[in-house]
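Heads up: the structure comes next, in structure tokens.
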Amino acid sequence: MSLTPAVRDAALRWIADDPDPATRDELQRLLAAALAGAPVAPAEELAERMEGPLRFGTAGLRGPVRAGPSGMNVAVVRRTTAGLAGWLAGQGGAGGLVVVGRDARHGSAEFASAAAEVLAGAGFEVRALADPLPTPVLAYSVRSCGAVAGVQITASHNPAADNGYKVYLSDGAQLVEPADAQIEAAIAAAPPARSVPTAPVAPTDPAELLDGYLHRVASLPRGTARRLRIALTPMHGVGGAVAVHALRRAGFDDVHVVRTQAAPDPDFPTVAFPNPEEPGATDALLALAAEVGADLAVALDPDADRCALGVPDAEGRWRMLTGNQTGVLLGDHVLATLDRAAHPDPLVATTVASSTQLRAVAAARGARYAETLTGFKWIVRAGDNGAGLVYGYEEALGYCVDPPAVRDKDGVAAAVLAADLAAARRAAGGSLLDALDELALAHGVYLTEAITLRLPPERRAELLARLAADPAPLGGELERPAPDVFVLHGERTRAVIRPSGTEPKLKAYLEVVEPAPVSAGAELAAARERAGKRLARLRHEVGTLIGAPDAEGALDGHEVTGQ
């Protein structure tokens with residue numbers, strides 16, 4: 001590919017307007033190589049960097065740390081914040097407080113400083129938290145401080161090369177439409193980064209805010225049992241110290257942390273992908289759990305808004321629970337221990353991509369149930385803008401266990417509540433696996449699985465168009481809660497197909513349900529075996545429908561590439 005005049009001119013304009021000498025030099029070197037016709041394809045890379053701005057996806061901006069409008073850099077952060085500031089002023093928030101936080105990824109300190117300075121230059125009061133902290137602490141701070149907005153610099157569980165920009169509004173929840181599109185329009189209209197007004201901002205000691213958050217989280221346990229040994233990993237992220245403090249404040253002081261993953265490290269050197277869902281990501285955690293004889297294993301993602309649980313089986317073999325298993329366990333625990341005088345009409349919510357078992361649990365516990373589109377920005381606004389919401393979860397390891405305080409997923413709070421449940425079960429001579437068995441006996445066997453298919457954008461669009469044209473894929477009923485979300489209902493089966501909001505992927509979420517067996521033991525094992533066989537058939541059918549080449553088995557928890 002040769003360098004086009006349009007790409008060349010766009011790069012020259014960006015270089016001229018970039019206030020950061022490091023990324024300005026980076027783009028200049030790439031442009032010089034492209035102009036010289038270097039053989040390492042710099043023209044293609046330059047075109048990719050200049051092809052368009054980052055877009056607000058499921059959870060704000062996210063992209064690789066690099067120069068140019070399609071990357072995360074100081075220039076992009078300045079223009080993004082200028083657009084956000086203009087939009088906030090137009091909504092009546094001019095001069096209000098904005099809290100700015102960050103994780104410990106590459107560029108996070110610089111990006112948080114750039115955002116804070118632009119907000120201050122626009123006349124806002126700014127609290128720029130001095131230390132890298134979990135995203136839930138920022139979400140908590142927005143509401144507790146009465147802020148008009150909050151900005152967290154984080155890419156959550158993305159690869160080490162990425163960073164991101166997450167926005168919370170005054171209600172403590174993430175952006176939803178039409179605010180996201182309005183802010184994007186304001187960003188597009190913002191002046192060049194070098195021309196955006198800025199003002200210096202002194203970092204704020206977050207100790208008081210963090211203390212308030214920890215006090216709130218420590219109050220979450222419902223029971224009195226505290227004898228529990230916990231193995232924990234923050235996966236090189238910012239949640240380790242905060243989670244240990246929260247657990248200890250709640251009375252769980254027997255906590256062992258994976259030493260090689262305890263300190264924040266933006267390179268995530270011991271994991272291929274810093275996401276507890278990924279195969280191998282929790283190997284070090286489970287090894288530590290076995291070594292110390294733990295009762296519960298907890299994995300946080302790098303910004304600590306997600307939480308994964310590991311448990312030993314009857315033979316002492318450790319395994320991780322799925323997001324749906326943990327989600328239903330915590331949901332049932334919340335409802336079973338809820339103060340009904342304070343919450344006379346409770347609501348629980350999950351997403352269309354999650355298991356429907358929470359619906360059965362809610363009905364049995366006398367609670368309302370809601371199902372939303374994917375993302376906590378929808379979960380916390382379920383029903384009448386979240387009125388009465390006491391719990392929400394999504395299958396991707398996200399749990400909102402204290403909606404009045406944090407209107408988003410919170411891995412630290414979820415870990416404390418999981419410890420509460422596990423300690424109570426241990427004190428009664430049982431385990432979390434026993435609790436799952438009891439839920440199966442009460443409501444049926446729910447078995448779930450996810451398929452992730454990486455596709456070029458044009459192939460993904462073709463496949464979605466084909467699904468839209470078929471009134472009954474797989475011979476069942478078709479429901480479309482959104483234009484690009486397809487829910488296929490069969491007899492005690494469900495498949496949800498949707499595109500990823502942040503990556504060029506197609507995702508399918510499968511579920512089969514077997515009626516509740518009469519008793520545990522052999523009958524429950526037989527029901528699970530029947531469910532497993534039905535899930536394998538559904539996996540094959542859906543895999544064939546979406547064009548996955550090896551739908552038998554290879555899709556079980558893994559990502560495949562579509563042609």
Side-chain angles (χ1 to χ4, degrees), residues 136 140 213-232 242-256 289 292-300 307-314 321 323-344 346-348 357-358 361-362 364-367 388-393 397 399-406 409-443 520:
Y140 166 84
Y213 170 80
L214 290 171
H215 178 75
R216 178 78 187 203
V217 172
S219 71
L220 291 176
R222 270 74 167 167
T224 58
R226 293 294 183 271
R227 187 181 175 193
L228 193 75
R229 179 163 294 174
I230 301 169
L232 183 142
V242 175
V244 170
H245 283 310
L247 286 162
R248 286 178 176 166
R249 279 205 188 190
F252 302 101
D253 53 12
D254 191 358
V255 183
H256 302 255
V292 302
D295 303 297
L296 180 70
V298 176
L300 305 175
C307 171
L309 302 182
V311 295
D313 63 17
L321 299 181
N324 282 318
Q325 288 173 326
T326 297
V328 174
L329 281 172
L330 293 182
D332 184 66
H333 183 49
V334 167
L335 292 176
T337 56
L338 196 63
D339 179 353
R340 288 305 177 102
H343 304 280
L347 169 70
V348 296
Q357 189 173 15
L358 186 62
V361 168
R365 297 290 186 186
L389 184 70
V390 296
Y391 176 75
Y393 96 92
L397 306 179
Y399 314 99
C400 178
V401 300
D402 186 16
V406 177
K409 51 190 177 295
D410 185 344
V412 176
V416 170
L417 195 64
D420 175 47
L421 174 59
R425 283 281 167 174
R426 186 184 189 280
S431 69
L432 294 185
L433 292 181
D434 294 330
L436 286 172
D437 286 350
E438 291 171 14
L439 288 171
L441 290 171
H443 309 297

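Hydrogens, waters and symmetry mates play no part in the numbers below; they use all other heavy atoms, side chains included. Sequence positions, counted from 1, serve as the residue numbers for this chain.
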* Asked: With side chains defined as the heavy atoms from C-beta onward, is the minimum distance between Leu247 and Asp253 less than 4.5 Å?
  -> no
* **Which atom of Leu441 lies closest to which atom of Ala520, heavy atoms considered** => CD2-N, 3.7 Å
* To do: Let me see the working for Leu417 and Asp402 under side-chain contact (heavy atoms from CB on, under 4.5 Å), right down to the final yes or no.
  => CA-CA 10 Å; Leu417 195 64; Asp402 186 16; over 6 Å; no
* Asked: With a 4.5 Å heavy-atom cut-off, do Tyr391 and Val401 have their side chains touching?
  -> yes
* By salt bridge (Lys or Arg N to Asp or Glu O under 4.0 Å) - contacts of Arg425 (at least two apart) -> Glu438
* **Greater than 12 external heavy atoms within 6.0 Å of Arg227's CZ** => no
* To do: Quick one: list whatever passes salt bridge (Lys or Arg N to Asp or Glu O under 4.0 Å) with Asp254, sequence neighbours left out.
  => Arg229
* Can you tell me how far OG of Ser431 sits from CG of Leu296, rounded to the nearest 0.5 angstrom? -> 11.0 Å
* Asked: Can you find a pair of side-chain heavy atoms, one from Leu228 and one from Arg426, that are under 4.5 Å apart?
  -> yes
* **Those residues that, when tested against Asp339, pass salt bridge (Lys or Arg N to Asp or Glu O under 4.0 Å) (two or more places apart)** => none
* 4.5 Å side-chain heavy-atom contact, Leu329 and Leu439 -> yes
* So Leu358 and Tyr393, side-chain contact (heavy atoms from CB on, under 4.5 Å) or not? Walk me through it. -> CA-CA 10 Å; Leu358 186 62; Tyr393 96 92; 4.0 Å; yes
* Between Val412 and Ala243, which heavy-atom pair has the shortest distance, and what is it? -> CG1-CA, 4.0 Å
* **Value rounded to 0.5 Å, distance of CG in Leu432 from CG in Leu330** => 8.5 Å
* Asked: Going from CG on Leu232 to NE2 on His256, what distance comes out if it is rounded to the nearest 0.5 angstrom?
  -> 11.0 Å
* To the nearest 0.5 Å, what is the distance between CG (Leu421) and CG (Asp332)? -> 8.5 Å
* Asked: Is there side-chain contact between Cys307 and Lys409, with at least one heavy-atom pair below 4.5 Å?
  -> no
* Minimal non-hydrogen separation, Gly223 against Arg226, with atom names -> O-NH1, 3.0 Å
* Main-chain N/O of Arg216 paired with Ser219 side-chain donor or acceptor, under 3.5 Å -> yes
* **Ala415 versus Val298, closest heavy-atom pair with distance** => CB-CG1, 3.8 Å
* Structure fact -> For Val406 and Pro136, the nearest pair of non-hydrogen atoms, with its separation, is CG2-O, 3.9 Å
* To do: To the nearest 0.5 angstrom, please state how far the CZ atom of Arg249 sits from the CG atom of Leu214.
  => 5.0 Å
* To do: Please list, chain by chain and in numerical order, all residues satisfying side chain to side chain contact (heavy atoms under 4.5 Å, CB included) with Ala424, sequence neighbours excluded.
  => none
* Verdict with supporting geometry, Val348 and Val361, side-chain contact (heavy atoms from CB on, under 4.5 Å) -> CA-CA 10 Å; Val348 296; Val361 168; over 6 Å; no
* Can you name the side chain to side chain contact (heavy atoms under 4.5 Å, CB included) partners of Ala231, sequence neighbours left out? -> Leu285, Leu288, Ala289, Ala294
* Asked: Between the main-chain N or O of Gly323 and the side-chain N or O of Tyr399, is there a donor-acceptor pair closer than 3.5 Å?
  -> yes
* To do: Step by step, work out the side-chain contact (heavy atoms from CB on, under 4.5 Å) result for Leu335 and Val390.
  => CA-CA 8 Å; Leu335 292 176; Val390 296; 4.1 Å; yes
* For the residue pair Leu321 and Leu433, establish whether any side-chain heavy-atom pair is separated by less than 4.5 Å. => yes
* Would a distance-only check, ignoring hydrogens and angles, find a side-chain to backbone donor-acceptor pair under 3.5 Å from Asp420 to Arg222? -> yes
* Structure fact -> Residues at least two apart in sequence or cross-chain that pass ring pair (Phe, Tyr, Trp, His ring centres under 6.0 Å) with Tyr140, listed by chain then number, are Tyr213
* Asked: What pair of heavy atoms forms the shortest contact from Pro221 to Phe252, and how long is it?
  -> CG-CE1, 4.3 Å
